[in-house]
2 protein chains.
Amino acid sequence: MSQDARKKGEPREAGETRRQILQAAQHLFAAHGYRAVTTRQIAEACGITQPALYKHFGDKQDLYVSMLLGEVAQVKTALERIVQREAPIPERLRLTALYLLNNTRHDIGMMTHDMSTELSQDRQHILEHAFVDGLVQPIAALFEEGMRQGLMRLPGQDSVSPQMAALLFLNIIDLFTAQSFQDMAAEPRRSKTEQARLIVQLSLYGMAQRQERLDPL
Amino acid sequence: MSQDARKKGEPREAGETRRQILQAAQHLFAAHGYRAVTTRQIAEACGITQPALYKHFGDKQDLYVSMLLGEVAQVKTALERIVQREAPIPERLRLTALYLLNNTRHDIGMMTHDMSTELSQDRQHILEHAFVDGLVQPIAALFEEGMRQGLMRLPGQDSVSPQMAALLFLNIIDLFTAQSFQDMAAEPRRSKTEQARLIVQLSLYGMAQRQERLDPL
DNA sequence: CCTACCGATCGGTAGG
DNA sequence: CCTACCGATCGGTAGG
């Protein structure tokens, strides 16, 4: 699996192995979840032995948390750049959805499940904070701006907080990302661009006919 | 853990143990996922030893699948009863959401993840079919009726198939059910009744202000 | 339905 | 970074 030609047992460039481990961990954990991936699988994917992992990370949880923190930091940077653009809110939402459709490898449901069942309390809180700070907040800022402009309903009986709106938005993106759902839904193949547009439509206007008003509940 | 007073090693009433195992499995799997729950934990929760499980189920997968099939069958019955009522579509959607908020213990994300990573292909297909047949189809029928009545947008560039609409609806319910999300969202405590109403509002009308039309995308 | 037990595999450590 | 290895625990079986 390893692509470099160093002799076995010989350390490679400092930091290089660590980077490689994080990348292998990212792929494997994203595909199978925390519990189902073994430290031996990760090591093998990097061309090292399993005990060598512990030269770079304290334990399996540490590796998992480090990997996710790196991912979230990357996404945070990208989202903040999109949010600060000068463009109408729906357009910025569309760009956000498009970025996440193209770059999100972890489904959020699996991530939060692993967080809450496999990690120690301290590590849970670290990840939860990073997740809120890096993913939820930038999007929530967009919804808050929309509410201030009067484009969206204010939180209350008929709508939700900007943070919950962001979670809802992320959740819909997740649904489009998950392959298993697409298969069940008899949906036509759509490009990412079309998907992003549709996600914004559904988030803002729901599924009702535009000219009709259904019975208010 | 066992509540009956039979002597150890003595079989209890036929079918009773099986029912007890399924219930314990349901609680444990719902809380922790397939991989994290051991056959010994399930056995202990029923007051039997681990090898005794294999008198009732072929293996761990068989137990998991049997449990989920039972759950889905129960939900299917309830949803079909709601769908066949004589009431406006939004009202039937609200009752559907309310039922699922009160009775769904498995988050769908976890379930589909376990299905696709821990089960054999045959068993995957069995569960997927039951899930579509028992959960998705009844709700999709409701959305299809709404589309035929012209209350909802037809599938196409601006909307989705009835099946996808049902998945979207289920996904939003899931978001409200998941405790971990509620904590992040700075949301006020809402009763299940209010949550069900809000879920329908968001599904049908989205988050945009009613009187405004944002820039079409 | 129990006791006893198996091979496999897990995360992690010792020592170099 | 490797070899060698540990205790714990897993799903599942044998035999009664």
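The sequence lines fix the lettering, A, B, ..., with proteins before strands; numbering per chain opens at 1. All figures in this text were calculated on a predicted structure; none of them were measured in a lab.
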Exercise for review: Would you check if the side chain of A/D174 reaches a backbone N or O of A/D107 as a donor-acceptor pair within less than 3.5 Å?
Suggested key: no
Review point. Taking the six-membered ring for Trp, is the centroid-to-centroid distance between B/Y205 and A/Y205 below 6.0 Å?
Key: no
Check your understanding: Less than 4.5 Å apart, any side-chain heavy atom of B/V72 and any of B/D133?
Key -> no
Check your understanding: So what does the secondary structure string of DNA chain D come out as, 5' to 3', with Watson-Crick or wobble pairs under 3.5 angstrom, [ ] for crossing and | for pairs with another strand?
Key -> ||||||||||||||||
Practice item. Check whether the side chains of A/R123 and A/Q61 place a donor and an acceptor atom closer than 3.5 Å, and report yes or no. Key: yes
Check your understanding: Can you say whether the rings of B/F143 and B/F169 are parallel (under 30°), tilted (30 to 60°) or perpendicular (over 60°)?
Key -> perpendicular
Which pairs, protein N/O on one side and nucleotides 11-16 of chain D N/O on the other, fall under 3.5 Å?
residue: D/dG11; atom: OP1; partner: B/K60; partner atom: NZ; Å: 2.8
residue: D/dG11; atom: OP2; partner: B/T39; partner atom: N; Å: 3.0
residue: D/dG11; atom: OP2; partner: B/T39; partner atom: OG1; Å: 2.9
residue: D/dG11; atom: N7; partner: B/R40; partner atom: NH1; Å: 2.9
residue: D/dG11; atom: O6; partner: B/R40; partner atom: NH2; Å: 3.1
residue: D/dG12; atom: OP2; partner: B/Y54; partner atom: OH; Å: 2.9
residue: D/dG12; atom: OP2; partner: B/K60; partner atom: N; Å: 2.9
residue: D/dG12; atom: N7; partner: B/Q50; partner atom: OE1; Å: 3.3
residue: D/dG12; atom: N7; partner: B/Q50; partner atom: NE2; Å: 2.7
residue: D/dG12; atom: O6; partner: B/R40; partner atom: NH2; Å: 3.4
residue: D/dG12; atom: O6; partner: B/Q50; partner atom: OE1; Å: 3.0

Revision key, fill the gap. Atom NE2 of B/H56 and atom C1' of C/dC1 are separated, to the nearest Å, by 8 Å
Practice item. Round to a whole Å and report the spacing from CD of B/E44 to P of C/dC1. Key: 16 Å
Revision key, fill the gap. To the nearest angstrom, the CD1-C1' distance between B/I42 and D/dT9 comes to 15 Å
Exercise for review: Look only at the side chain of B/Q182 and the backbone of B/F176, and say whether a donor-acceptor pair between them is shorter than 3.5 Å.
Suggested key: yes
Check your understanding: So does B/H32 have more than 12 non-hydrogen atoms from other groups sitting under 6.0 Å from NE2?
Key -> no
Point to revise | Plane angle bin for B/F29 and B/Y34 - parallel if under 30°, tilted between 30 and 60°, otherwise perpendicular | key: parallel
Review point. Is there a side-chain polar atom (N or O) of B/T17 under 4.0 Å from OP1 or OP2 of C/dC1?
Key: yes
